[in-house]
Amino acid sequence: VIGEHRHTQVTVDLQAIKTNISNEMAQKDELTELWAVVKANGYGHGIIQVAQAAKEAGATGFCVAILDEALALRAAGFAEPILVLGITEPEYAPLVAEKDISLAVGTQDWLTTAAAILAANQVTTPLHVHLALDTGMGRIGFQTPEELATAVTTLRQPQSPFDFEGIFTHFATADQADDTYFTHQLNNWKHLIAVVDELPRYVHVSNSATSLWHQACNGNMVRFGVALYGLNPSGRELSAPYPLQPALSLTARLTFVKRLARGKSVSYGATYTAAQDEWIGTVPIGYADGYERRLQGFHVLVDGEFCEIVGRVCMDQLMVRLPHEVPVGAKVTLVGTDGARTISLQDIADYCGTIHYEIACGLAPRVPRVYID
Ligand SMILES: Cc1ncc(COP(=O)(O)O)c(CNc2conc2O)c1O
C-alpha cells in the first residue's frame with residue numbers, strides 16, 4: 001500500500017466518533033434514527049472504519065454519495081440500509097436492487113426508465129426509493145406537488161418494481177444564525193409532503209446542522225455527517241448544544257534539519273530569504289497529500305511551538321522555521337494538539353479561505369490512516 005512506510009499519517013480517534021454519535025443519540029428524539037453519512041471515504045477519515053464505529057455507537061443506517069461507496073460498504077459486510085444521496089444512472093438499477101441499496105430519486109423520468117430496465121432484466125427484488133424534494137437547495141429533487149404526486153402514484157402501483165422507502169429534503173442554510181431561508185424551505189417541505197397521503201417509512205430532512213439547531217423538524221431519521229467527525233457544521237458561527245470532539249489529527253516527522261545562514265533562500269521561487277541565521281526543518285508532506293500550497297505562511301506545531309511554513313509548499317515536502325535546533329525525526333503536528341497548543345481543521349480551512357469539509361475530504365489516499373479506539 002502506498003504510504004505504508006511513511007511516518008506522515010492521519011490518526012482517527014474512533015472513540016471521539018462514538019462519543020459524538022452517542023451525544024447526538026442522547027439529544028435527539030429517541031424514535032428518530034441516526035444514519036451516518038460516510039461518503040467521500042468518511043469525509044477523509046476512512047469509510048469502513050467510521051461506519052463500523054458509527055454502528056457500534058447506535059447508527060442504524062448509512063448515507064453515501066455514489067453507488068460505489070454503497071457497494072464498498074456491502075462488500076465489507078454491512079447489512080444495514082444504505083442510501084445513495086446523489087442521482088444514480090438507471091442502468092445500474094438491477095445491481096442496486098440485487099444489493100438491497102436505497103436510491104435518491106428526483107424525477108418521474110428516472111422511475112420510468114428504471115422500471116423498464118428492471119423489467120427487461122426480470123428483476124423481482126424491489127428497488128428501495130427515497131423521493132428527493134427540492135425545497136430550495138437547488139441541486140436535485142421534485143419541485144412541484146403535481147410532479148411529486150405523479151411519482152408517488154407510480155411507486156404505489158401494485159406491479160411497481162419499487163419500494164417507496166423514504167422521502168427527504170436538504171437544507172441549504174441550517175448552519176446559519178439567520179433562519180429566514182431555512183423557514184422558507186421548511187414551508188416548501190410542508191407544502192410538498194401534503195400531497196403524500198401515506199408517508200413512507202423514512203421521512204428525513206436533517207443534516208448535522210438541522211439536527212443541532214433545528215431539531216423541531218427532524219422527521220424520523222437524521223443524516224448525520226460532519227458533526228460525527230467532531231466538526232461544527234457552522235464553522236465558528238454557532239455553538240453546538242454539546243461538545244464536538246474532532247476525530248482527525250495529522251502528524252509527520254522532520255526528515256531534515258539545517259542551519260540556514262542569513263540571506264539564504266528556501267523552496268521554489270526562492271520566495272523566502274532568511275533575515276538572520278535560522279534553524280529550518282523539512283516536513284514530508286505537500287500539496288499532493290492535500291496539504292495545500294495556500295498554506296505557505298501558516299504554521300505547524302513542533303515541541304509545542306508554532307513554526308511558520310516558510311517558502312512555497314512543494315508537492316511532497318514543506319519547510320518550517322524552527323524555534324531552536326530540533327533533531328531529525330522530531331514530531332510535527334499539522335492538525336491536532338501538541339503541548340498547550342492546537343491546530344484544528346477549522347484553522348487550516350480559515351487560512352485557506354474554505355471550509356473544514358473540503359480540507360478533510362482533500363487529504364489524499366497517499367497519507368495512511370491509523371485508527372485508535
Ligand atoms: C443530502 C445530504 N444529507 C446529509 C448530508 C450530511 O451533511 P453534514 O455533513 O453537514 O451533516 C449531506 C452532506 N453533503 C455535503 C456536505 O458538504 N457538501 C455537501 O454536498 C448531504 O448532501
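Start at 1 and go down the list; that is how both ligands and their atoms are numbered.
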Point to revise | Any Lys99 side-chain heavy atom under 4.5 Å of Leu71 side chain | key: yes

Review point. Starting from atom 11 (O) of ligand 1, which protein heavy atom do you reach first, and at what distance in Å?
Key: Ser208 OG, 2.6 Å

Practice item. Taking the six-membered ring for Trp and the single ring otherwise, decide whether the centroids of Phe168 and Tyr202 are under 6.0 Å apart. Key: no

Revision key, fill the gap. At under 4.0 Å between heavy atoms, what of Pro233 touches ligand 1? The answer is neither

Point to revise | Cationic N near anionic O, under 4.0 Å, Arg366 to Asp289 | key: yes

Review point. Does Asp316 pair with Arg6 as a salt bridge, N-O distance under 4.0 Å?
Key: no

Practice item. List the closest protein heavy-atom neighbour of atom 21 (C) of ligand 1: residue, atom name, distance to the nearest 0.1 Å. Key: His170 CE1, 3.4 Å

Practice item. Number the atoms of ligand 1 from 1 as they appear, then name those within less than 4.0 Å of a heavy atom of Tyr43, with their elements. Key: 6 (C), 7 (O), 8 (P), 9 (O), 13 (C)

Check your understanding: Got an N/O contact under 3.5 Å between Gly225 and ligand 1?
Key -> yes

Review point. Of the non-hydrogen atoms in Leu238 and Asp175, which two are nearest, and what is the gap between them?
Key: CD1-O, 3.7 Å

Revision key, fill the gap. Looking only at protein heavy atoms, what sits closest to atom 3 (N) of ligand 1 is Arg223 NE, 2.8 Å

Practice item. Specify the protein heavy atom at minimum distance from atom 16 (C) of ligand 1: its residue, its atom name, and the distance to 0.1 Å. Key: Tyr357 CE2, 3.6 Å

Check your understanding: From atom 14 (N) of ligand 1, is the closest protein heavy-atom distance below 4.0 Å?
Key -> yes

Review point. With backbone taken as N, CA, C and O and side chain as the heavy atoms from C-beta onward, which portion of Leu85 lies under 4.0 Å from ligand 1: side chain, backbone, both, or neither?
Key: side chain

Point to revise | Identity and separation of the nearest protein heavy atom to atom 7 (O) of ligand 1 | key: Asn207 CB, 3.4 Å

Exercise for review: Measure the shortest side-chain to side-chain distance between Asp350 and Arg236 over non-hydrogen atoms and say whether it is less than 4.5 angstrom.
Suggested key: yes

Point to revise | Nearest heavy atoms of Asp347 and Thr342, plus distance in Å | key: OD2-O, 3.9 Å

Review point. Can you tell if the side chain of Leu212 reaches within under 4.5 Å of the side chain of Tyr242, non-hydrogen atoms only?
Key: yes

Review point. Purely on distance, is any nitrogen or oxygen of Val226 under 3.5 Å from one on ligand 1?
Key: yes

**Study point:** Over all atoms of both residues, closest heavy-atom pair of Gln296 and Thr271
**Key:** NE2-OG1, 3.2 Å

Check your understanding: Relative to ligand 1, is Arg139 under 4.0 angstrom through side chain, backbone, both or neither, heavy atoms considered?
Key -> side chain

**Study point:** Nearest-contact summary for atom 19 (C) of ligand 1 - protein heavy atom, Å
**Key:** Lys39 NZ, 3.7 Å

